[in-house]
Amino acid sequence: MKTTLDEIVSLCKRRGFAFPGSDIYGGFANSYTYGPYGTALKRNLKDLWWKLHVEQLDNIVGIDGDIILHPRTWEASGHTATFNDLLVDNKDSKKRYRADHLIEDQTGIDVEGMTPAEVTAVMAEHEIKCPVSGSTNWTEVRHFNMMFQTEMAKTGDGAMAYLRPETAQAIFLEYKNIIDTMRVTLPFGVGQIGKAFRNEITPGNFLFRRLEFEQMEIEYFVREDAWEEAFAQWQGRIKRWCEIIGLSNERLHWAEHADEKLSHYSKRTVDVEYEFPFGKKELYGLAYRTDYDLKQHAEHSGKKLIYRDPHTNEVLVPHVIEPSFGVDRSVLALLCDAYAEETLPDGSTRTVMRLAPVVAPVKVAVFPLMKKDGLPEKAHEVVAELRALGVVEYDQSGAIGKRYRRHDEIGTPVCVTVDYDTLEDGTVTVRDRDTMAQERIALGALREHLAGKYFVTPSL
Ligand code: GAP
């Protein structure tokens with residue numbers, strides 16, 4: 001049976017992955033707080049991404065730029081003029097929509113690249129109805145810039161600023177500093193993880209489309225004639241990343257953008273789409289940004305953003321390949337992929353999150369069989385012994401079966417139970433989340449056994 005988004009949302013609330021935001025004030029539309037397990041999952045994902053893409057690849061360095069950059073950044077990048085969605089209001093329901101989404105949902109027609117006037121005409125011709133009022137009483141379709149504006153305390157030029165809609169631009173702004181301080185030679189990349197903000201007209205689908213979200217991005221600088229090779233190399237790396245974090249290959253698809261769908265800066269974009277419960281949607285993007293950004297910032301700032309070949313002294317403006325990974329969409333895809341409901345041989349059912357150990361919020365759970373007779377003390381010793389593997393949780397409340405079920409729902413790959421035999425022969429029961437098979441392992445060999453079976457560090 002197909003997993004629904006409601007099942008995922010409910011498990012997230014029940015088990016502390018994500019809560020509806022500002023709940024004590026009656027909630028705040030489309031806002032969510034990552035709970036302790038969601039936070040751990042997200043942190044594991046970001047740490048792993050940084051380790052594999054920035055620390056372990058030879059020619060990548062990392063930066064941590066500001067959310068509020070000089071406002072002229074967005075003029076140069078083209079976001080002020082073109083980072084727009086098509087907005088339309090229904091005069092009866094007073095509801096606001098993205099016109100392109102309404103039209104696509106009701107007719108399957110893709111209006112990408114059309115002007116607001118043309119889209120208004122399509123709405124009329126196809127009698128697009130408001131999902132709430134059912135009427136066709138619309139305003140004209142108009143452009144709506146998706147950047148969040150904010151006012152700075154200082155007055156005069158630059159008083160109005162924007163929250164960055166993508167992390168990428170800070171990398172272009174620091175291009176010269178990177179060239180001047182790091183011994184980078186082409187091809188090389190600059191990675192960054194951070195928040196981005198978009199005033200989405202219709203956010204929704206839980207963590208999928210949010211007003212604030214996180215991105216993990218790399219701007220990979222290459223010679224122009226090497227862009228195709230680099231693009232293919234990054235496609236391979238993205239595929240491998242998806243495999244490492246545990247996304248099912250059969251739910252992932254590559255979607256090439258048609259020319260009229262390309263962003264203003266891109267000559268080629270391929271999305272990685274994932275089969276979410278609400279349809280096949282963009283998870284990540286890979287774009288060939290050409291030399292657009294460096295040239296734009298050079299022109300607007302008056303600074304030279306160039307590369308000088310250390311051997312030949314040739315001067316050129318590098319071209320850019322950009323793999324862009326959404327953190328929140330990764331978390332949602334992982335939760336959807338991991339979720340399973342199973343009927344067990346005894347007829348009972350269980351919900352289990354089959355998260356890859358590398359991203360699982362709790363690595364090992366340790367239970368004393370009883371809350372007495374020295375079993376808790378022994379279990380605490382086991383916790384201390386296993387800490388090097390990551391988060392190890394101690395749990396002594398309730399029947400042992402219930403404790404297993406709780407950790408199945410959290411996605412803990414392995415549970416260790418300390419019982420009376422442990423005190424006699426120094427062995428513990430190790431229970432595998434996925435197969436539910438149990439084995440006895442000697443305490444002296446436990447950490448190595450778990451490290452080798454569950455926690456082998458992957459590489460790209
Ligand atoms: N720098 C390129 C860029 O920002 P994008 O396709 O607009 O490209 C990249 O965004 C990724 O950021 C997407 O593939 C998605 O994972 C994530 N993303 C974009 N908008 C989002 C939103 N409103 N909520 C959550 N994630 C979002």
Side-chain angles (χ1 to χ4, degrees), residues 18 21 29-32 34 38 42 45-46 49 63 65 67 69 73-74 76-79 82-85 98 101 112 144-148 162-173 189-220 231 234-235 238 241-242 245 247 252-257 261-274 276 278 280-290 292-294 296 320-336:
N30 297 297
S31 139
Y32 296 95
Y34 285 97
K42 190 154 85 116
L45 194 80
K46 289 194 290 179
W49 186 89
I63 64 159
I67 283 169
L69 301 170
T73 305
W74 309 108
S77 69
H79 284 80
T82 60
F83 198 55
N84 298 317
D85 268 348
R98 261 180 74 167
H101 283 179
E112 191 77 36
F144 175 77
N145 193 285
M146 291 164 70
M147 284 197 292
F148 269 104
Y162 300 97
L163 306 186
R164 64 183 178 196
E166 60 169 6
T167 56
Q169 292 304 322
I171 297 177
F172 297 119
L173 264 52
V190 184
Q192 189 179 203
I193 300 180
K195 283 239 170 172
F197 301 79
R198 292 185 190 175
N199 208 349
E200 301 275 3
I201 297 164
T202 48
N205 285 329
F206 193 32
L207 306 172
F208 181 78
R209 196 181 300 284
R210 310 192 63 198
L211 304 181
E212 59 172 285
F213 54 97
E214 275 184 278
Q215 293 182 319
M216 309 183 283
E217 296 197 304
I218 290 173
E219 305 307 316
Y220 194 69
F231 199 95
W234 278 103
Q235 276 190 291
I238 294 174
W241 163 257
C242 292
I245 62 173
L247 294 176
L252 291 163
H253 307 274
W254 292 94
E256 182 88 37
H257 281 212
K261 275 196 115 176
L262 290 172
S263 308
H264 59 276
Y265 52 72
S266 175
K267 259 207 180 148
R268 184 183 177 198
T269 295
V270 176
D271 285 343
V272 178
E273 294 183 338
Y274 178 79
F276 289 99
F278 42 88
K280 203 164 64 168
K281 304 273 178 207
E282 177 186 344
L283 173 64
Y284 302 142
L286 177 64
Y288 169 39
R289 288 183 87 124
T290 68
Y292 174 85
D293 300 270
L294 287 182
Q296 284 291 107
V320 171
I321 303 296
E322 177 192 67
S324 181
F325 304 72
V327 177
D328 307 70
R329 285 190 192 175
S330 302
V331 170
L332 183 58
L334 286 176
L335 292 168
C336 296

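Numbering of ligands and ligand atoms starts at 1, following listing order. Below, all heavy atoms of this structure are taken into account, side chains as well, without hydrogens, waters or symmetry copies.
- Heavy-atom distances between E273 and ligand 1 stay at or above 4.0 Å for every pair.
- Residue D328 places no N or O, backbone or side chain, under 3.5 Å from any N or O of ligand 1.
- Between the side chains of Y284 and S330, at least one donor N or O sits under 3.5 Å from an acceptor N or O.
- The distance criterion of under 3.5 Å between nitrogen or oxygen atoms is met by G326 with respect to ligand 1.
- Residue Y265 touches ligand 1 through its side chain alone, judged by heavy-atom distances below 4.0 Å.
- Each of the following atoms of ligand 1 lies closer than 4.0 Å to a heavy atom of Y284: 14 (O).
- Cation-pi check for R268 over Y288 is not met; the charged atom does not lie both under 6.0 angstrom from the ring centroid and within 45 degrees of its normal.
- Heavy atoms of R209 found under 4.0 angstrom from ligand 1 belong to the backbone as well as the side chain.
- When only modelled atom types and interatomic distance are considered, T73 and Q169 share no side-chain donor-acceptor pair under 3.5 Å.
- Residue contacts with ligand 1, taken as heavy atom pairs separated by less than 4.0 Å, do not involve R164 at all.
- Neither the backbone nor the side chain of D271 has a heavy atom within less than 4.0 Å of ligand 1.
- A distance below 6.0 Å separates the ring centres of F276 and F278.
- For ligand 1, none of its N or O atoms has an N or O atom of A168 under 3.5 Å away.
- Checked by atom type, the side-chain pair D328/Y34 shows a donor-acceptor distance below 3.5 Å.
- In this structure, R198 does not pair ionically with E166, as no charged nitrogen and carboxylate oxygen lie closer than 4.0 Å.
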